[in-house]
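Notes follow once the structure below has been shown.
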Amino acid sequence: MMNLMQILRRYLAILGLMMTIVAGLTACKSVTSNDTVDYKANGAVRGPNLSYPPDLITAQADRRYIVQDGTATMSEYNAALKKSVQMRSNVMTGIPGMRIARDGERRWLVVDKPATELYPQVKDFWQENGFLLVVDSPSTGIMETDWAENRGKIAQDFIRSAIGGALDSIYDTGERDKYKTRLEAPKSDETEIYITQKGALEKCVSDSTGNCLSTIWTSRPNDPELEAVFLARLMERLGMSQEQAKAMVAAPLGPKMPKAKLVQEGNKAFIELGTGFDRSWRDVGLALDRSNFTVEDRNRSAGVYYVRYVNSKNIEESKGFFSNLFSSKDESKLQAKKYQVVVKSTGENSASVYVQDADGKPENTPAGIQLLTLLTDQLTK
């Protein structure tokens with residue numbers, strides 16, 4: 001009996017020590033993991049680790065920088081060495097002509113390169129970050145990711161680190177995100193890159209006693225900080241150092257002056273903007289990206305966005321919302337109506353926005369006013 005008691009006490013002591021160690025490791029791990037951003041879309045293929053800029057990896061692997069015995073002169077070696085040093089310097093300091101522009105809470109990237117050159121790099125960037133693209137349109141400069149879960153929001157405690165690989169499907173944040181990227185070319189040698197995030201939140205449908213009967217997915221407010229994270233990552237992908245990219249994105253945001261006003265004259269309605277055409281065109285594009293509009297095409301010279309719109313209320317009430325939301329297909333399978341959103345210059349510092357039907361006729365209906373109201377709300381944020 002004495003031996004049995006000793007064994008039991010020893011077992012309890014060891015068990016208590018192990019629980020203490022696990023608790024300590026859990027606390028340490030959770031603190032350092034909660035602020036990460038890590039998306040893993042189903043079936044996505046991850047690219048190379050972005051901790052090393054791609055140009056730096058290329059420079060290290062390029063055979064031109066390896067001097068072969070008896071085949072290189074000193075002048076050739078010095079020229080290659082100088083080119084290598086210059087390339088490494090460019091990688092660490094960022095490519096020239098890349099900066100963050102701001103307006104209130106909105107940020108976007110401006111790069112002194114043609115959009116045709118940047119589009120393939122931006123596409124690779126999203127795939128390397130674990131996303132699948134459901135919209136990939138080089139002709140319009142628009143790409144959109146599928147819905148994905150930010151696994152970085154799940155605390156990486158000791159127990160999950162040990163068995164998380166086998167039970168990963170058990171852990172779920174109840175949130176999904178998708179990102180839309182739009183490339184604008186105000187000049188032939190300059191490109192503006194906009195990243196907008198759209199979120200979904202899983203909510204419980206309860207009965208009168210509070211029991212959860214089922215869950216539905218609803219829209220979640222836009223998160224400008226997630227957009228900032230990926231802007232910084234994209235700057236790294238294009239060659240800027242991590243420190244510089246984070247510093248530029250983290251710079252204080254300037255005040256945003258309200259500049260949109262919905263005007264109704266009888267059954268006609270339009271939006272008055274207190275900015276010139278270039279800025280108004282940009283702001284309307286961002287407002288469309290942040291709403292349930294899908295831009296199918298655009299004509300900047302004519303000031304026209306060709307869009308489809310799906311009412312978010314109709315989406316959330318649909319029985320097939322879950323499959324529509326998280327399938328590899330976009331929202332085109334839903335009953336979406338086509339419209340034209342027209343931006344017209346009315347002066348050096350003013351413009352107006354109208355909604356037309358698919359044939360270019362004024363949409364003087366309650367639906368048209370509803371769409372203009374939605375755009376006004378986004379333009380004033």
Side-chain angles (χ1 to χ4, degrees), residues 103-104 106 135 137 139-142 144 180 182 184 186 194 196 198 218-219 221-222 256-318 320-321 324-325 330-381:
D103 182 18
R106 297 174 179 174
V135 176
S137 177
S139 61
T140 61
I142 295 174
E144 186 173 342
K180 183 178 292 185
R182 184 161 53 89
E184 290 279 359
Y194 303 91
T196 52
K198 185 184 292 185
T218 60
S219 298
N222 167 260
K256 179 180 176 66
M257 301 299 294
K259 55 181 180 295
K261 178 183 178 182
L262 179 62
V263 178
Q264 290 185 252
E265 299 174 348
N267 64 339
K268 297 181 181 180
F270 61 94
I271 301 173
E272 285 185 349
L273 295 176
T275 53
F277 176 81
D278 289 341
R279 189 165 178 178
S280 296
W281 174 262
R282 182 205 74 205
D283 288 347
V284 170
L286 280 173
L288 292 171
D289 290 345
R290 292 175 184 270
S291 308
N292 287 321
F293 290 91
T294 297
V295 178
E296 292 188 324
D297 202 354
R298 59 190 176 184
N299 185 339
R300 184 187 176 98
S301 60
V304 180
Y305 286 98
Y306 301 91
V307 304
R308 288 184 289 106
Y309 178 74
V310 180
N311 191 313
S312 59
K313 182 179 179 181
N314 294 339
I315 296 176
E316 292 169 10
E317 290 179 351
S318 171
F321 177 55
N324 286 323
L325 184 63
D330 62 15
E331 294 168 350
S332 61
K333 298 301 180 182
L334 300 174
Q335 294 299 316
K337 189 174 179 180
K338 294 186 177 182
Y339 297 94
Q340 295 181 17
V341 177
V342 183
V343 182
K344 291 184 178 180
S345 175
T346 57
E348 184 177 353
N349 295 309
S350 61
S352 297
V353 182
Y354 300 86
V355 172
Q356 300 176 346
D357 63 18
D359 298 322
K361 299 178 181 178
E363 186 67 36
N364 297 324
T365 63
I369 295 177
Q370 179 187 0
L371 298 183
L372 286 170
T373 302
L374 176 63
L375 287 175
T376 304
D377 291 341
Q378 289 292 335
L379 288 166
T380 54
K381 286 184 177 180

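Side chains included, hydrogens not; waters and symmetry mates left out as well; all remaining heavy atoms used.
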#### Entry: Trace of the side-chain contact (heavy atoms from CB on, under 4.5 Å) decision for F270 with L262
CA-CA 6 Å; F270 61 94; L262 179 62; over 6 Å; no
With a 4.5 Å limit on heavy-atom distance, are the side chains of [X] and [Y] in contact?
X	Y	value
L371	F293	yes
V284	V341	yes
V307	T294	no
L286	R106	yes

State the [atom1]-[atom2] distance between [X] and [Y], to the nearest 0.5 angstrom.
X	Y	atom1	atom2	result
Q378	T196	CD	OG1	10.0 Å
D283	L379	CG	CG	6.5 Å
E272	T346	CD	OG1	7.5 Å
D297	S139	CG	OG	6.5 Å
I142	S137	CD1	OG	6.5 Å
R282	E184	CZ	CD	10.5 Å

### Query
Closest approach of T380 and A260, non-hydrogen atoms and distance?
CG2-O, 3.7 Å
### Message
Using every non-hydrogen atom in the two residues, find where I271 and L372 come nearest and quote the distance to one decimal.
### Response
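Looking at all heavy atoms of both residues, the shortest contact is CD1-O, 3.5 Å.
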### Query
For D278 and R300, what are the C-alpha separation, side-chain angles and deciding distance, and is it a side-chain contact (heavy atoms from CB on, under 4.5 Å)?
CA-CA 9 Å; D278 289 341; R300 184 187 176 98; 3.1 Å; yes
### Task
May I ask you to establish whether R182 and Y194 are in a cation-pi arrangement, using a distance under 6.0 Å from NZ or CZ to the six-membered ring centre and at most 45° from the ring axis?
yes
### Message
Ring of Y306, cation from K338 - is the NZ or CZ under 6.0 Å from the centre and inside 45° of the axis?
### Response
no
Looking only at atom types and distance, does a side-chain atom of [X] sit under 3.5 Å from a main-chain N or O of [Y], one as donor and one as acceptor?
X	Y	value
D357	D359	yes
K198	N222	no
R298	V304	no

### Query
Can you list the steps and then say if V295 with T140 is a side-chain contact (heavy atoms from CB on, under 4.5 Å)?
CA-CA 9 Å; V295 178; T140 61; over 6 Å; no
### Query
Between W281 and Y305, what is the ring plane arrangement, given parallel below 30°, perpendicular above 60°, and tilted in between?
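Plane angle under 30°, so parallel.
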### Summary
Only one of K337, Q340, Q356 passes side-chain contact (heavy atoms from CB on, under 4.5 Å) with E363, and that residue is K337
